[in-house]
Amino acid sequence: MKQVNFIVRENVPIAADTWKLVLEGDCSAISGSGQFVQLSIPGVFLRRPFSVSDVQDGLLTIVYKVVGKGTRYMTALKEGDSVDTITGLGKGFHPQKTGRKALLIGGSVGTAPLLLLARELLAAGKEVEVALGFNTATLVFYKEEFEKLGLKVHLATVDGTAGLKGVVTEAIAPARGYDYYYCCGSKIMMKAVAAYLDTPGEFSMEERMGCGTGICYGCSIQTNNGPARVCADGPVFAKEDMIW
Amino acid sequence: MVRDISTSVCGIKFRNPIIPASGTFGFGLEMADSMDLNLLGGISLKGTTAEPRYGNPTPRIAECEGGMLNSVGLQNPGIDRLTGEIVPSLRKVYGGVVIANISGFSEQEYALCCEKAAACEGIDMIELNISCPNVHGGGLAFGTDPRCAARVTAAARKAAGHKKLCVKLSPNVTDIVEIARACEAEGADALTLINTLLGMRINIATRKPVLANTTGGFSGRAIFPVALRMVWQVAHACSVPVIGCGGVGTAEDVIEMMMAGASAVQVGSENLRDPFCCPRIAAELPAVMERLGIEKLTEIIGTV
């Protein structure tokens, strides 16, 4: 955990209500994919947690969906602005758990942390396939980014305006040969994935947070290992630990 | 000139007046890898009950202008793990004042926890939480009636033996002085005030309360004037020392709280926004004192 003043390099919409924020600064506290950062946003009391979407060459990328006051204020950030950030938070994905091939499953803005994970898996010599689910075509992002890494991407939208018509399990169905999966999305989507797949895997959970640093116990969930703080004991939990 | 930022509360020495408030700094150990805990005058540990508790369902956190609400509901591993594992581990890395915050659902539970805390060598002071707004039939129920507050204080005083006993008061009362006097009469060595104010938010899109528990404790910068007023009232009405708490976020706030009558100051929600705020506030104190012509922090206590 480290407090860093990042400098905004880019803050642009990449899909409907979905923005990409690129920050420059000390990324050394971030140990891998699935971790998150807490941004201080002028005008709101608590920091806002965002998963690390990518880290490359001293640039930290996050993807955020505009859902409330805090994220609305974030859209006003301009190149050169300073953002007080706590980085390197939480316990992330475990790429080493993949034997030969991984399936990455993203639901809506939950797709964001899977990009860095894909890079890590590829660097470790694993094969990767991607299944993404969105509500509608205008919300889709990162499909090309995954394809640029040479990955096969299965896409589903609820209204059928892009890819297969249906929820994310439609996108999962054609994927083949994976021995482990990584999933990030809404709780209802992840619960459906857990029920749909017998393969072992892990989930990145979301919960309303207070501190994000493990000291307030505001985001605790019940797991098969007892109460766990999503921010500090997670956000990534093994499938077998989850109580849906 | 070297500015003296040390203080003391009922005979217990603090290297500086800054104490992370109970519930906003876990059990201290959570931050041990990220900061030097010894920069903190004291640590008030998360509220502990006789048995382990998960607490309330999520969402447990809501936000508002200038502050936040929580309904964590006393999640804790129970008094036996606190005294047997957590405090001994904390003691290996922390030499300041360790304050065990004790909560309960009956006088017997408070007494049992105080007895166990009193037997734990690493604990310097017991803070009796009779003001938690987030559990039914416990906490706040004891802190809003002077007779109940007196009874639970008397039971805790007896169980706490030689350990210093501080009672943490609720602002959700008509007359906090009456409660404070009742606790003082039954042997409280000090008083901490205030705990959170009972509050609520509604999500107007879903037409449902934001918190799963419907109501929660309101804290943060916005409550500072309420806390300051109550510290001032109680400090002038009681002879035991007061630990000020509520909305503190800067070194200036600490000075103001002490002028109102606080001997030491707890920092709460600000830790959630900035986990490094307590050492920062302590480090900023000497410069603020210099600007205001204060040589020794204790000289300003209750001067207003």
Side-chain angles (χ1 to χ4, degrees), chain A residues 1-5 28-29 31 37-49 67-73 83-91 187 205-235 243, chain B residues 20-35 43 45-47 52-77 203 205 210-212 216 218-222 249 268-278 280:
Chain A
M1 186 198 310
K2 203 170 190 176
Q3 194 159 7
V4 178
N5 286 319
S28 63
S31 59
V37 298
Q38 283 261 79
L39 306 191
S40 177
I41 314 294
V44 293
F45 187 78
L46 293 169
R47 287 173 188 265
R48 294 294 188 267
V67 292
K69 198 158 80 171
T71 43
R72 207 160 53 237
Y73 289 167
V83 184
D84 170 0
T85 305
I86 300 180
T87 83
L89 295 169
K91 295 184 172 68
K187 193 173 173 184
M205 297 302 292
E206 187 174 47
E207 195 52 74
R208 184 73 66 92
M209 288 179 188
C211 63
T213 56
I215 54 180
C216 84
Y217 290 70
C219 64
S220 293
I221 57 168
Q222 291 278 27
T223 73
N224 288 319
N225 294 322
R229 298 158 299 171
V230 168
C231 72
D233 302 311
I243 299 171
Chain B
S22 181
T24 66
F25 206 70
F27 296 94
L29 288 166
E30 292 89 339
M31 288 299 290
D33 293 337
S34 306
M35 72 160 75
I43 301 175
L45 308 179
K46 186 157 171 45
R53 280 178 57 85
Y54 164 63
N56 290 322
T58 58
R60 300 170 169 187
I61 302 288
E63 214 179 19
C64 61
E65 290 296 327
M68 57 170 287
L69 288 85
N70 90 84
S71 60
V72 171
L74 292 172
Q75 182 179 342
N76 78 89
N203 179 332
V210 174
L211 295 170
F218 168 35
S219 62
R221 303 299 286 271
S269 308
E270 198 64 14
N271 291 301
L272 275 57
R273 306 207 294 173
D274 175 4
F276 305 104
C277 73
C278 283
R280 175 177 52 74

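Note: hydrogens, waters and symmetry copies are ignored here, and every other heavy atom, side chains too, is used.
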Point to revise | Per-residue contact mode, N271(B) against chain A (heavy atom under 4.5 angstrom) | key: both
Check your understanding: Which one of A232(A), G226(A), S220(A), P227(A) has the most heavy-atom pairs closer than 4.5 Å to chain B?
Key -> S220(A)
Exercise for review: Quick one: list whatever passes salt bridge (Lys or Arg N to Asp or Glu O under 4.0 Å) with K69(A), sequence neighbours left out.
Suggested key: E65(B)
Revision key, fill the gap. Looking only at G67(B), G26(B), P59(B), G220(B), most heavy-atom pairs under 4.5 Å shared with chain A are made by G67(B)
Exercise for review: Sequence neighbours left out, what pairs pass salt bridge (Lys or Arg N to Asp or Glu O under 4.0 Å) with at least one residue falling in residues 209-227 of chain A?
Suggested key: none
Review point. Can you name the residues of residues 39-49 of chain A that have some heavy atom under 4.5 Å away from a heavy atom in chain B?
Key: V44(A), F45(A), L46(A), R47(A), R48(A)
Practice item. Please report the C-alpha distance between E207(A) and I61(B) in whole Å, then the side-chain angles of each, then the deciding distance to 0.1 Å, and finally whether the side-chain contact (heavy atoms from CB on, under 4.5 Å) criterion is met. Key: CA-CA 10 Å; E207(A) 195 52 74; I61(B) 302 288; over 6 Å; no
Check your understanding: Do R60(B) and C219(A) touch side chain to side chain, with heavy atoms closer than 4.5 Å?
Key -> no
Review point. Sub-3.5 Å donor-acceptor pair from the side chain of Y217(A) to the main-chain atoms of N76(B), do we have one?
Key: no
Practice item. Would you mind listing every salt bridge (Lys or Arg N to Asp or Glu O under 4.0 Å) that reaches into residues 216-234 of chain A, with sequence neighbours excluded? Key: R229(A)-D233(A)
Check your understanding: What is the distance from atom CZ of R273(B) to atom CG of D84(A), rounded to the nearest 0.5 Å?
Key -> 10.0 Å
Practice item. Would you give the length of the straight line joining atom OG1 of T213(A) to atom CG of D274(B), rounded to the nearest 0.5 angstrom? Key: 9.5 Å
**Study point:** Among K46(B), Q75(B), M31(B), R221(B), residue most engaged with chain A (heavy-atom pairs, under 4.5 Å)
**Key:** Q75(B)
Point to revise | Under 4.5 Å from any heavy atom of chain A - which part of S34(B) | key: side chain
Exercise for review: Would you check if K2(A) and F276(B) make a side-chain contact, meaning some heavy-atom pair closer than 4.5 Å?
Suggested key: no
Practice item. Check whether any side-chain heavy atom of V72(B) sits under 4.5 Å from a side-chain heavy atom of C216(A), and report yes or no. Key: no
Exercise for review: Kindly indicate whether the side chain of R208(A), heavy atoms from C-beta on, has any atom under 4.5 Å from the side chain of T58(B).
Suggested key: no
Check your understanding: Looking only at heavy atoms, what is the nearest atom pair of E30(B) and G214(A), with distance?
Key -> CG-O, 3.5 Å
